[in-house]
2 protein chains.
Amino acid sequence: MTVTLADVAARAQVSPATVSRVLNGNYPVAASTRERVLKAVDELDYVLNGPASALAAATSDLVGILVNDIADPFFGIMASAIQNEIGGPGGRAGGERLAVVCNTGGSPERELTYLTLLQRQRAAAVVLTGGAIENPAHLNAVGHKLRKLAEAGTRVVLCGRPPTPEAIAITFDNRGGGQLLTEHLIGLGHRRLGYIAGPEERTTTRHRLEGHRAALAAAGIEDDARRTVYGRYDRLSGYEATLELLRRDPTLTAVVAANDTVALGACAALRDSGLRIPDDVSVAGFDDLPFSIDAVPALTTVRLPLTEAGARAGRIAMGREEAPHGGIATVRGELMVRGSTGAPRAE
Amino acid sequence: MTVTLADVAARAQVSPATVSRVLNGNYPVAASTRERVLKAVDELDYVLNGPASALAAATSDLVGILVNDIADPFFGIMASAIQNEIGGPGGRAGGERLAVVCNTGGSPERELTYLTLLQRQRAAAVVLTGGAIENPAHLNAVGHKLRKLAEAGTRVVLCGRPPTPEAIAITFDNRGGGQLLTEHLIGLGHRRLGYIAGPEERTTTRHRLEGHRAALAAAGIEDDARRTVYGRYDRLSGYEATLELLRRDPTLTAVVAANDTVALGACAALRDSGLRIPDDVSVAGFDDLPFSIDAVPALTTVRLPLTEAGARAGRIAMGREEAPHGGIATVRGELMVRGSTGAPRAE
DNA sequence: CACTAGATAGAAAGCGCTTGCTGTCACGCT
DNA sequence: AGCGTGACAGCAAGCGCTTTCTATCTAGTG
């Protein structure tokens with residue numbers, strides 16, 4: 001029914017071995033023979049059987065990219081950059097690899113299961129993006145899996161994720177970025193800052209918050225726990241958290257959000273509460289996603305070089321760039337001061 | 001080196017066949033035996049060899065999702081919805097399938113290569129999302145591939161893509177949406193409307209533009225070709241196109257954009273040109289992506305039920321929902337009138 | 001001109017799993 | 001007591017490809 005290597009071989013009057021060699025091109029085959037084979041392949045519309053090939057060769061051309069939320073451009077941009085370097089069809093790289101992105105939805109189980117599935121497929125490489133979940137049991141399980149994958153020859157790279165002993169990592173300096181942002185706000189004269197954090201058990205959340213607190217501490221500002229609200233990394237969360245923050249302290253002069261999307265929600269909540277940005281309340285985001293500049297006023301935020309980091313991770317995953325020294329590269333964010341932050345209103 | 005089925009069998013003192021059956025759970029195995037096997041699997045940390053399994057069973061659990069641009073939330077949202085239904089680990093569905101998204105970047109070659117790669121992997125299903133490229137040769141090649149895939153037992157579903165004879169399709173009524181938008185603008189009194197289209201050879205571009213023109217024609221407004229500019233589906237394109245439109249006719253009172261992202265760029269260009277929205281110029285987008293409501297003023301646009309459509313496509317791909325009658329379901333967009341459109345300034 | 005090295009092609013042994021078919025028991029029925 | 005009948009378990013034949021090793025042939029070489 002389906003065309004096999006043997007069919008092609010028969011048609012081209014050569015042995016299956018020869019066809020295989022023509023297709024893989026790593027063994028001398030006379031030009032005339034090659035041509036005959038290629039012709040047969042074409043005529044028969046033959047397509048290699050991936051599983052069979054992977055089984056026999058004990059390798060596969062699958063590369064997995066794990067993301068927390070595929071609907072979030074933060075991940076989309078990174079995934080796109082990674083995939084570009086992985087090669088994928090027509091990518092910058094040569095070999096044809098199937099770069100696939102797997103959406104964990106931020107769920108530990110899904111993350112683990114995808115890792116197993118990738119292991120099962122004998123993936124050539126795996127790139128994990130974004131913050132990790134800080135649960136000892138889960139961390140352990142993931143570490144174990146990564147080790148197994150590495151042992152099996154799968155290259156494992158982390159991108160925008162805190163380093164672990166098991167893999168090469170391109171890490172974002174979320175802590176430094178958070179600090180930059182809050183320092184900026186404090187420099188403008190703010191003293192009562194609300195903070196909208198992400199999900200509590202994420203490393204990204206913790207690091208950004210730590211940076212924020214470090215800046216507060218450095219300025220001798222008391223860190224009132226009531227000024228921090230945890231939520232999700234989405235717009236609605238930002239909206240609700242802002243309302244809550246305002247309820248707890250209507251005299252806030254600035255709101256720092258977990259990321260740009262959350263910041264957008266915060267802006268909406270402030271506007272709906274009749275407050276002007278930045279005259280009444282300043283707002284800051286994080287990531288500098290494309291739409292941030294289109295907010296009105298444009299969002300002050302920390303730009304993360306998502307594309308560059310992704311590209312680098314992709315190249316390392318393909319073995320086309322050597323790993324950074326010590327296996328860890330830390331990428332800093334750049335403070336982008338725009339219209340959404342300003343001096344607090346005089347009291 | 002790596003643990004195989006046979007190792008597990010030896011350890012559990014059963015035959016490989018039994019282990020296989022325990023793992024696949026589609027054959028009666030005594031509880032005590034099952035337990036013994038499971039224990040061995042656990043102790044040995046055994047992971048099934050995907051390729052081998054796929055080869056022997058002649059099926060795979062891979063499901064491909066093709067998107068034009070993974071960094072664009074339009075696709076991210078659909079992909080997320082599809083993947084959710086596909087099951088993926090922990091998804092709503094039962095079986096563990098590897099739902100993978102492939103980023104074509106809008107390139108015909110990449111689209112084709114991914115399709116081949118998926119065919120090579122004997123994918124269980126393939127979902128193609130977003131507009132197609134209107135190039136006869138390419139259309140033909142894709143059609144051919146889809147037919148082959150279907151013949152091989154791969155379920156093929158289109159989502160947000162024009163129907164073809166080869167597949168089941170959930171299609172967006174881009175034409176109707178475009179018409180709605182322009183009718184709305186005309187209803188407000190606009191007569192000189194600029195149109196920023198997407199890439200010329202995309203079906204989405206053409207359909208939305210046709211809707212726009214149909215509305216103009218219905219209102220007896222001459223369709224000046226100089227009022228249409230083609231570009232890409234990104235922000236910068238919207239910015240530049242708007243400047244160009246303004247250059248060609250500074251008296252424009254409205255700009256209709258190919259999608260929300262482009263609309264954002266258009267807004268930026270208008271603002272930078274010292275024009276107010278909607279007082280001087282109205283702006284309309286398309287898709288109603290999450291950030292559209294956060295633009296200031298909020299974007300008037302056509303909401304496309306991306307999540308619902310994706311979910312449905314996913315279910316159909318999994319065979320958990322029957323195909324729509326005739327194999328085609330058309331989904332309409334809903335006009336969302338918001339602040340970015342208003343009556344034109346009096347002349 | 002005999003001989004060897006280099007270039008190609010083929011034979012065949014798996015890769016690790018699934019599954020149709022063939023046992024082997026232990027029951028429960030007549 | 002004899003036997004049909006499930007319920008399990010194992011055998012063994014592949015699935016379609018890669019690759020090692022071997023065979024063959026041609027072209028140099030002294």
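Throughout, protein chains are lettered first and strands after them, A, B, ... in sequence-line order, and every chain is numbered starting at 1. Just so it is clear, the model here is predicted, and its values are computed rather than measured. Heavy atoms only: backbone and side chains are in, while hydrogens, waters and symmetry mates are out.
Between A:V127 and A:A313, the shortest heavy-atom contact is CG1-CB, 4.4 Å. Residues A:S80 and B:N103 approach most closely at OG-ND2, 3.8 Å, considering heavy atoms.
Annotation: of the two residues near DNA chain C, A:A17 and B:P51, the 5′-most nearest-nucleotide partner is A:A17. In this structure, B:L55 and B:Y27 both approach DNA chain C, and ranking their closest nucleotides by distance from the 5' end singles out B:L55. Residue whose closest nucleotide on DNA chain D sits further toward the 5' end, between B:A52 and A:A56: B:A52. Position along DNA chain D of the nearest nucleotide to A:T4 versus B:S15 favours B:S15 as the more 5'-ward residue.
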- Task: Step by step, work out the side-chain contact (heavy atoms from CB on, under 4.5 Å) result for B:V3 and B:D45.
- Result: CA-CA 8 Å; B:V3 184; B:D45 217 351; 6.0 Å; no

- Please step through side-chain contact (heavy atoms from CB on, under 4.5 Å) for the pair A:N49 and B:R122, ending with a clear verdict. CA-CA 7 Å; A:N49 182 318; B:R122 306 299 189 251; 3.5 Å; yes

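Protein chain B contacts DNA chain D over a range whose 5' and 3' limits, counting nucleotides with an atom under 4.0 angstrom from a non-hydrogen atom, are D:dC8 to D:dG16.
Distance, B:R122 CZ to C:dT18 P: 18 Å, rounded to whole Å. In this structure, CG of B:D61 is placed 11 Å from P of C:dT18, rounded to the nearest angstrom.
Contacts between residues 28-47 of chain B and DNA chain D, defined by a heavy-atom separation below 4.0 Å, involve B:P28, B:V29, B:A30, B:T33, listed by number.
A side-chain donor-acceptor contact under 3.5 Å links B:Q119 and B:K145. Side-chain contact annotation: B:H138 with B:E111, donor-acceptor N/O pair under 3.5 Å present. In this structure, a donor-acceptor pair under 3.5 Å is present between the side chains of B:S15 and B:T18. Side chain to side chain, B:E166 and B:H144 fail the donor-acceptor criterion of an N or O pair below 3.5 Å.
Residue A:S20 is classed as a base contact, given a heavy-atom separation below 4.0 Å to a base.
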